[in-house]
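The next block holds one structure in the form of structure tokens; read it before the comments.
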Amino acid sequence: MTTNFLEQLNAAQRESVESVDGPVLIVAGPGSGKTRVITNRIAHLVLNRKVKPYNVGAVTFTNKASREMKDRLAPLLGENARLLTVGTFHSFCSMILRRTGENLSISNNFVIYDDDDQISAIKQSMKDVDVDPKQFNPRSVLSTISNSKSQLVNFAGFNSQKSNYYEEVVSKVFERYEDILSQGSALDFDDLLLKTHQLLTEFPDATKMYQDRFNYFMVDEFQDTNIAQYSIAKLITEISRNLCVVGDPDQSIYSWRNADIRNILSFQNDFPEAKIIPLEQNYRSSQNILGAAKNVISKNTQRVDKNLWTSNGKGSLISIDEAYDEEDEARRVIKEIQGLVDSGEYPLSDFAVMYRVNAQSRSFEIACRRFGIPYQIVGGVKFYHRREIKDITSYLRLILNPEDEISLTRIINVPPRGIGQRTLSEIYRLSRQTGKSLYESIVSVTSTDNLSHQLGNRAINSLNQFLSHIDQLKKASVSLNIMELIDLTVSETGYRKYIETDEKAEERLENIQEYRNSSREYSSVPALQGLVEFLEGISLISDIDGMEEDLDSITLITLHQSKGLEFPIVFITGMEEGLLPHIRSLDSGEPDELEEERRLCYVGMTRAEKQLYLTRAFRRGFRGTYEPTVPSRFLSDIPASLLVKNTSSPETDAPEIEMRDKMLRFRKDGSEKAISASLGNNSSLSHKNKQPTVPTRRTVNKIKVSNPTRKSNFQIGDKVRHGQFGDGIVMSSDPTGDDLQITVAFKDGGGIKKLLQSLAKLKKI
DNA sequence: AATTAGGCATTTTTT
DNA sequence: ATGCCTAATT
């Protein structure tokens with residue numbers, strides 16, 4: 001091995017790589033070779049500074065990123081690469097807690113509750129402490145708790161500083177929630193961090209062990225870490241002070257997940273001696289793209305300006321394309337891609353279509369299928385969140401820990417075995433009365449001499465049946481590997497038979513098959529440990545992890561998920577007020593949130609190497625009705641000199657004729673084009689064995705070109721009569737989809753109602 | 001106990 | 001429009 005990899009770096013990169021002693025902050029602009037710096041830095045540590053790989057730790061944002069890092073290190077370090085500790089913050093913490101969590105009475109077989117489980121646990125907690133889920137949204141309660149935890153405030157802390165009624169309520173739920181989790185030997189995502197932090201502050205022996213081990217520690221995507229994560233990194237490197245963080249404040253897009261951009265400031269305060277190295281040369285994008293992106297981001301007020309530059313050529317101008325609606329938008333994008341692919345210049349894998357919200361993916365999927373363009377969709381309906389998958393996972397968790405009440409209640413009657421509401425609430429009652437767990441209560445209820453319950457023979461039989469399933473699986477679990485265990489679960493519990501009656505049987509069975517396949521890599525691990533690791537694996541996996549770069553397909557992806565990726569040609573779609581920037585950020589009135597939207601846009605734009613398209617639709621469907629749109633403010637931040645001269649697209653307030661023309665053209669195209677076989681797949685695991693799915697027959701005449709109801713029969717100010725609400729005055733009338741929405745203020749306290757002209761037989765009076 | 005109908009909230013982004 | 005939850009039905 002030689003050091004020649006250093007010679008291929010620019011000055012700043014090289015300095016980043018060679019500055020290994022003491023704290024370092026690398027401010028890495030988009031495309032500045034960040035991953036290369038990190039991997040080379042590790043290689044430099046091991047090869048030139050003779051640091052043992054065992055003493056190096058690096059945390060990344062996703063599993064995918066760590067996998068890539070390991071892949072890149074393998075050729076440089078050979079076998080040594082395996083000895084490095086590279087993972088996400090959450091998997092890093094999970095490792096610590098499995099090894100030394102017993103200090104905090106955490107079982108080393110703990111399971112990790114994902115989103116769904118957390119919501120179930122919150123709902124159960126709310127029920128237990130008599131909080132009405134209609135009055136308090138379980139999701140917001142959870143997010144309050146999560147927010148608290150990620151700032152290192154546990155239940156005790158939260159409880160002692162609650163200051164209003166809402167927080168009092170949350171506190172009650174919080175307490176119960178923690179009980180449910182510990183009952184289930186479960187930690188949620190935030191606990192992984194919170195408990196690790198607790199361990200590292202309260203248990204010097206364990207702490208010392210980790211501090212001695214991780215002499216060199218690196219944090220990637222530092223701008224998207226939360227307080228808990230930063231604190232952990234600080235604790236780990238308290239002695240060595242060899243903490244290197246890499247990030248870009250302009251790419252901070254996860255504040256809603258409690259990431260705290262102030263960490264960057266804190267770092268400079270906490271480590272005043274830190275070396276700060278900006279990486280400002282962009283190797284990814286053309287001058288035009290970089291210029292456009294810089295113009296967008298520069299409108300943010302709360303930022304330090306950077307001097308990003310590139311020696312790349314000017315490249316193509318940026319295109320702004322305007323469509324009639326989201327279907328038309330998708331059609332135009334996919335046709336453009338098809339054209340470029342047909343010209344032979346680009347492979348499919350060069351293209352990414354990005355959007356703000358997952359719901360937008362639908363129209364692109366449909367267009368891809370219609371035009372026969374293979375696509376890879378990142379995210380969407382999460383594989384591990386599908387019902388059949390969650391069900392089997394619950395069984396597996398019960399094998400590990402029958403006290404897990406969230407998993408138990410999920411599957412106690414799945415498949416149906418006659419354990420209904422009545423039976424369950426009786427068990428609950430007994431459990432609360434005796435202080436025993438649900439499982440224990442079931443065991444005691446089914447023992448012959450217990451007469452303290454009010455359950456019929458039938459219920460007892462069903463419960464016995466359930467118990468014997470769990471028993472049998474538990475016994476088998478000590479000798480079977482994970483794959484065999486899944487098979488046994490599916491057959492033994494009658495789950496397979498049950499699923500076969502489902503209308504989506506085929507799809508569900510396929511998913512179970514896929515689940516089984518994904519367990520293969522754990523099958524060589526000893527029985528129980530394999531189970532633990534498999535369960536951890538599926539909890540910590542993310543959608544982006546399933547993405548495959550070299551698949552011959554285009555990529556459909558959210559802007560958030562696109563962070564860290566790059567594509568020769570990028571389409572950012574839905575450039576509309578309310579979508580990007582998202583309505584939530586506008587409603588909140590928080591300028592910070594708007595700035596984050598702008599950063600999100602910036603992240604998307606800077607993914608592009610050669611060509612960037614920004615698209616929008618004149619109108620967009622929202623839960624049933626269509627709304628006219630306003631172009632995103634970010635579009636006007638791009639100087640005209642960087643844009644392709646507008647050729648065909650009309651302006652926002654296009655004349656009616658132009659609009660109709662577009663619609664006609666659309667209709668013609670859509671119905672004439674034959675449906676080609678689709679290579680797309682719709683699972684986040686991206687298995688290639690999906691049969692070509694028949695596209696949803698989306699009838700194009702959904703858009704009616706002429707519709708008599710579009711013309712309003714009512715003028716503002718007209719007096720009208722409604723069968724139910726009585727008399728009122730028309731306030732406004734707006735077209736929605738094919739219909740007209742009439743807003744009427746009714747007399748006699750009837751209030752203001754929005755009515756559809758076609759349905760609400762309004763009479764003029 | 002299981003099935004069904006109707007009411008209601010929901011959609012930002014995810015380790 | 002869709003999906004989840006509750007209430008009503010059998």
Side-chain angles (χ1 to χ4, degrees), chain A residues 59-66 87-94 112-116 118-120 123 127 132-134 137-140 142-143 146 149-150 187-193 221 224-226 228-229 252-259 354-362 378-382 384-385 387 413-424 456 458-459 462 536-545 557-563 574 578-588 593 596-597 599-601 603-604 620-626 684 696 702 737:
Chain A
V59 288
T60 59
F61 194 66
T62 62
N63 294 302
K64 180 168 178 285
S66 36
T88 62
F89 248 114
H90 289 86
S91 63
F92 180 74
C93 290
S94 181
I112 299 166
Y113 275 3
D114 66 22
D115 231 47
D116 280 0
Q118 288 183 63
I119 284 289
S120 307
K123 282 181 181 162
K127 204 184 262 179
D132 183 3
K134 286 202 176 111
N137 183 330
R139 212 159 268 286
S140 11
L142 175 60
S143 109
S146 168
K149 285 186 179 183
S150 49
L187 300 180
D188 64 19
F189 289 132
D190 301 308
D191 283 338
L192 292 174
L193 308 171
E221 305 286 6
D224 284 321
T225 54
N226 64 28
Q229 290 168 324
S252 156
I253 54 175
Y254 281 98
S255 73
W256 52 273
R257 217 177 72 189
N258 306 316
M354 301 181 183
Y355 35 79
R356 178 65 234 266
V357 302
N358 273 310
Q360 285 171 264
S361 70
R362 202 194 153 90
V378 181
V381 197
K382 293 169 189 58
Y384 290 107
H385 286 219
R387 189 172 4 123
N413 202 31
V414 179
R417 50 173 77 87
I419 303 173
Q421 202 69 71
R422 279 264 313 260
T423 312
L424 204 54
R458 215 169 50 191
S462 305
E536 167 165 328
I538 61 178
S539 298
L540 293 182
I541 206 161
S542 73
D543 291 318
I544 192 81
D545 299 334
I557 192 169
T558 65
L559 288 165
H560 280 92
Q561 289 173 319
S562 78
K563 190 174 77 166
L579 204 49
L580 184 66
H582 194 269
I583 183 96
R584 285 277 251 262
S585 69
L586 299 173
D587 280 355
S588 76
E593 292 196 27
E596 182 148 317
E597 294 292 308
R599 292 194 291 268
L600 191 52
C601 185
V603 166
R620 190 169 289 274
F622 284 110
R623 27 177 193 268
T625 61
Y626 276 97
S684 60
T696 335
K702 197 176 154 192

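Proteins get letters first, then strands, A, B, ... in listed order; numbering begins at 1 in each.
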Checklist entry - Any idea which of dT13(B), dT11(B), dT15(B) is nearest the Trp256(A) side chain? => result dT13(B)
Checklist entry - Thr558(A) side chain: which of dT14(B), dT11(B), dT15(B) is closest? => result dT14(B)
Quick one: does [X]'s side chain get under 4.5 Å of [Y]'s, heavy atoms only?
X         : Y         : result
Leu540(A) : Phe189(A) : yes
Cys601(A) : Leu580(A) : yes
Arg458(A) : Ile419(A) : no
Tyr626(A) : Arg620(A) : no

Item to check | Ser150(A) side chain vs Asn226(A) backbone, donor-acceptor pair below 3.5 Å | outcome: no
Next on the checklist: Using modelled atom types and a 3.5 Å cut-off, is there a donor and acceptor pairing between side-chain atoms of His560(A) and backbone atoms of Ile253(A)?
Outcome noted: yes
For atom [atom1] of [X] and atom [atom2] of [N], their distance in whole Å:
X         : N       : atom1 : atom2 : result
Ile538(A) : dT15(B) : CD1   : P     : 15 Å
Ile119(A) : dT15(B) : CD1   : C1'   : 16 Å
Leu580(A) : dT13(B) : CG    : C1'   : 11 Å
Gln229(A) : dT14(B) : CD    : P     : 16 Å
Tyr113(A) : dT15(B) : OH    : C1'   : 18 Å
Ile112(A) : dT15(B) : CD1   : C1'   : 10 Å
Arg584(A) : dT13(B) : CZ    : C1'   : 11 Å
Arg417(A) : dA2(B)  : CZ    : P     : 11 Å

Checklist entry - Using the P atom in both, what is the distance from dC4(C) to dT13(B), to the nearest Å? => result 15 Å
Contact class for [X] vs. all strands (heavy atom < 4.0 Å): base, sugar-phosphate, or nothing?
X         : answer
Thr423(A) : sugar-phosphate
Lys64(A)  : nothing
Asn63(A)  : nothing

Next on the checklist: Between dT15(B) and Phe61(A), is there a base-stacking contact, meaning the centre of the base's six-membered ring lies under 5.5 Å from the residue's ring centre while the planes stay under 30° apart?
Outcome noted: no
Is the phosphate of [N] approached by [X] (side-chain N or O, under 4.0 Å from OP1 or OP2)?
X         : N       : value
Asn258(A) : dT15(B) : no
Thr62(A)  : dT14(B) : no
Gln561(A) : dT14(B) : yes

Next on the checklist: Please verify the inter-ring angle class for Trp256(A) with Tyr254(A); under 30° counts as parallel, over 60° as perpendicular, anything in between as tilted.
Outcome noted: tilted
Checklist entry - From the 5' end of DNA chain C to its 3' end, which nucleotides mark the outer limits of contact with chain A, defined by a 4.0 Å heavy-atom distance cut-off (strictly under)? => result dA1(C) to dC5(C)
Checklist entry - Which residue, Gly418(A) or Phe89(A), contacts DNA chain B at a nucleotide closer to its 5' end, judged by nearest heavy atom? => result Gly418(A)
Checklist entry - When you match Glu596(A) and Ile419(A) each to their closest nucleotide on DNA chain B, which lands nearer the 5' end? => result Ile419(A)
Considering all heavy atoms, the nearest [X]-[Y] contact:
X         : Y         : answer
Glu596(A) : Ser255(A) : OE1-OG, 2.7 Å
His582(A) : Glu597(A) : N-OE1, 2.8 Å
Leu193(A) : Cys93(A)  : CD2-SG, 3.7 Å

Interface polar pairs with nucleotides 3-9 of chain B, N/O, under 3.5 angstrom:
none

